[in-house]
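Data first, discussion second: the structure below is written as structure tokens.
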Amino acid sequence: MAITADRALQLLTRVMDPEIPALSIVDLGMVDSIKVDESGVHVDLIPTFMGCPALDVIRQRVQDALEDAPAVVRFVHTKPWTTQMVSARGRAALTQWGIAPPTDSPAGVRCPLCGSPNTRRTSAFGSGLCRASFYCHDCAQPFEQMKSI
Ligand SMILES: [Zn+2]
């Protein structure tokens, strides 16, 4: 078996979030550690929001992505996942997908469609618990934001 931890991490950049197919679990900040020993690849993942995305689906996709290497995928709870762990590339992918990235900025949430800050939150819950619904006054479109936690 010739896989290295670096190679495994590279393969995991192809594992996309089941709900947001533009966003990899690496950019989501879920990968806590990757270790390789004689028994295989050990991947520790930090679960994101409760129930979203689907953890069983992700576990299977990680195993598939690592190809022939025997993989042990664990979800660890040693530290909480927060939206601060979403990478810059992940935030760009969210915006392109039409979802406003999480922000703590006092300037508020910018519309992912037109970039306007002239938005209003219409519901604390969007299509999932992890999302909030917004409305953009400039392009008159509803959109969702990944909630900041
Ligand atoms: Zn807009």
Side-chain angles (χ1 to χ4, degrees), residues 3-36 41-67 71-149:
I3 196 163
T4 61
D6 283 348
R7 173 70 181 148
L9 180 63
Q10 202 180 18
L11 290 170
L12 293 187
T13 61
R14 300 183 196 157
V15 178
M16 298 300 166
D17 179 298
E19 297 202 336
I20 306 164
L23 186 61
S24 78
I25 62 168
V26 176
D27 286 327
L28 200 48
M30 287 183 73
V31 179
D32 186 43
S33 70
I34 299 174
K35 294 192 185 75
V36 179
V41 184
H42 300 262
V43 181
D44 283 356
L45 300 176
I46 303 165
T48 58
F49 304 98
M50 186 67 79
C52 88
L55 299 182
D56 285 344
V57 173
I58 288 179
R59 185 200 305 269
Q60 187 59 51
R61 287 185 184 184
V62 167
Q63 280 168 340
D64 292 347
L66 293 172
E67 298 168 343
V72 181
V73 182
R74 292 192 312 166
F75 288 101
V76 293
H77 299 266
T78 45
K79 60 183 156 193
W81 180 84
T82 73
T83 42
Q84 310 248 326
M85 290 154 84
V86 180
S87 71
R89 200 167 60 175
R91 287 163 198 272
L94 277 171
T95 303
Q96 278 191 344
W97 192 250
I99 296 176
T103 178
D104 295 319
S105 157
V109 173
R110 282 182 178 272
C111 172
L113 309 170
C114 71
S116 168
N118 188 14
T119 64
R120 172 170 62 90
R121 192 171 80 163
T122 53
S123 167
F125 299 100
S127 60
L129 287 174
C130 55
R131 301 196 203 164
S133 297
F134 280 79
Y135 179 79
C136 174
H137 293 289
D138 280 342
C139 67
Q141 295 290 324
F143 67 92
E144 291 189 318
Q145 184 214 15
M146 179 186 272
K147 279 189 214 173
S148 181
I149 60 164

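Quick caveat: nothing in here was measured; it's all calculated off a predicted structure. What's counted below: heavy atoms across the whole structure, side chains too, no hydrogens, waters or symmetry copies.
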Task: For L12 against I25, the heavy-atom pair lying closest together - done: O-CG1, 3.9 Å

- [ ] Mark yes or no for whether R74, through its side chain, and H42, through its backbone, hold a donor-acceptor pair below 3.5 Å.
- [x] no

Open item on the list: Do V31 and L45 make a side-chain contact, defined as non-hydrogen atoms from C-beta onward lying under 4.5 Å apart?
Closed with: yes

- [ ] Would you give the length of the straight line joining atom CH2 of W97 to atom CD1 of I20, rounded to the nearest 0.5 angstrom?
- [x] 9.0 Å

- [ ] Test L11 against I3 for side chain to side chain contact (heavy atoms under 4.5 Å, CB included), laying out the working first.
- [x] CA-CA 10 Å; L11 290 170; I3 196 163; 3.8 Å; yes

Task: T122 OG1 to E144 CD distance, which is reported to the nearest 0.5 Å - done: 9.0 Å

TODO: Tell me, with the steps shown, if Q63 and L66 meet side chain to side chain contact (heavy atoms under 4.5 Å, CB included).
DONE: CA-CA 5 Å; Q63 280 168 340; L66 293 172; over 6 Å; no

- [ ] List the atom of A22, the atom of A93, and the distance in Å for their closest heavy-atom pair.
- [x] O-CB, 3.4 Å

- [ ] List the steps, then state whether side chain to side chain contact (heavy atoms under 4.5 Å, CB included) holds for D32 with F75.
- [x] CA-CA 9 Å; D32 186 43; F75 288 101; over 6 Å; no

Open item on the list: Determine whether D64 and Q60 satisfy the following criterion, side chain to side chain contact (heavy atoms under 4.5 Å, CB included), listing intermediate values before the conclusion.
Closed with: CA-CA 6 Å; D64 292 347; Q60 187 59 51; 3.1 Å; yes

Open item on the list: For a quick check under 3.5 Å, do Q10 and D6 share a side-chain donor-acceptor pair by atom type?
Closed with: no

- [ ] Can you see which heavy atom on P117 is nearest to which on R110, and at what distance?
- [x] CD-NH1, 3.7 Å

Open item on the list: Please check this pair: side chain of R120 against backbone of H137, looking for a donor-acceptor N/O pair closer than 3.5 Å.
Closed with: no

Open item on the list: Could you tell me if the side chain of K79 sits less than 4.5 Å from the side chain of I46, heavy atoms only?
Closed with: yes

TODO: Looking only at non-hydrogen atoms, find the nearest pair between E19 and C130 and report the distance.
DONE: OE1-SG, 3.9 Å

Open item on the list: Let me confirm one number: the CD1-OG1 distance from I34 to T4, rounded to the nearest 0.5 Å.
Closed with: 9.0 Å

Task: Nearest atoms (heavy-atom pairs only) where P142 meets L113 - done: O-CD1, 4.3 Å

- [ ] Can you see which heavy atom on S133 is nearest to which on R121, and at what distance?
- [x] O-CG, 3.4 Å

Open item on the list: If we ignore hydrogens and angles and just use 3.5 Å, is the side chain of R91 paired with the main-chain N or O of P102 as donor and acceptor?
Closed with: yes

Task: Spacing of CE belonging to M146 relative to CZ belonging to R131, to within rounding of 0.5 Å - done: 7.5 Å

Task: Value rounded to 0.5 Å, distance of CZ in F143 from OG1 in T95 - done: 10.0 Å

Open item on the list: For the backbone of I149 and the side chain of T83, can you confirm whether one donor and one acceptor N or O come within less than 3.5 Å of each other?
Closed with: yes

Task: Residue pair Q141 / C114, side-chain heavy-atom distance below 4.5 Å - done: no

Open item on the list: Side chains of V62 and M30, heavy atoms from C-beta outward: is any pair under 4.5 Å?
Closed with: no

TODO: For K147 and A124, indicate whether the former's side chain and the latter's backbone hold a donor-acceptor pair under 3.5 Å.
DONE: yes

Open item on the list: Working to the nearest 0.5 angstrom, can you tell me the gap between D17 CG and I58 CD1?
Closed with: 5.5 Å

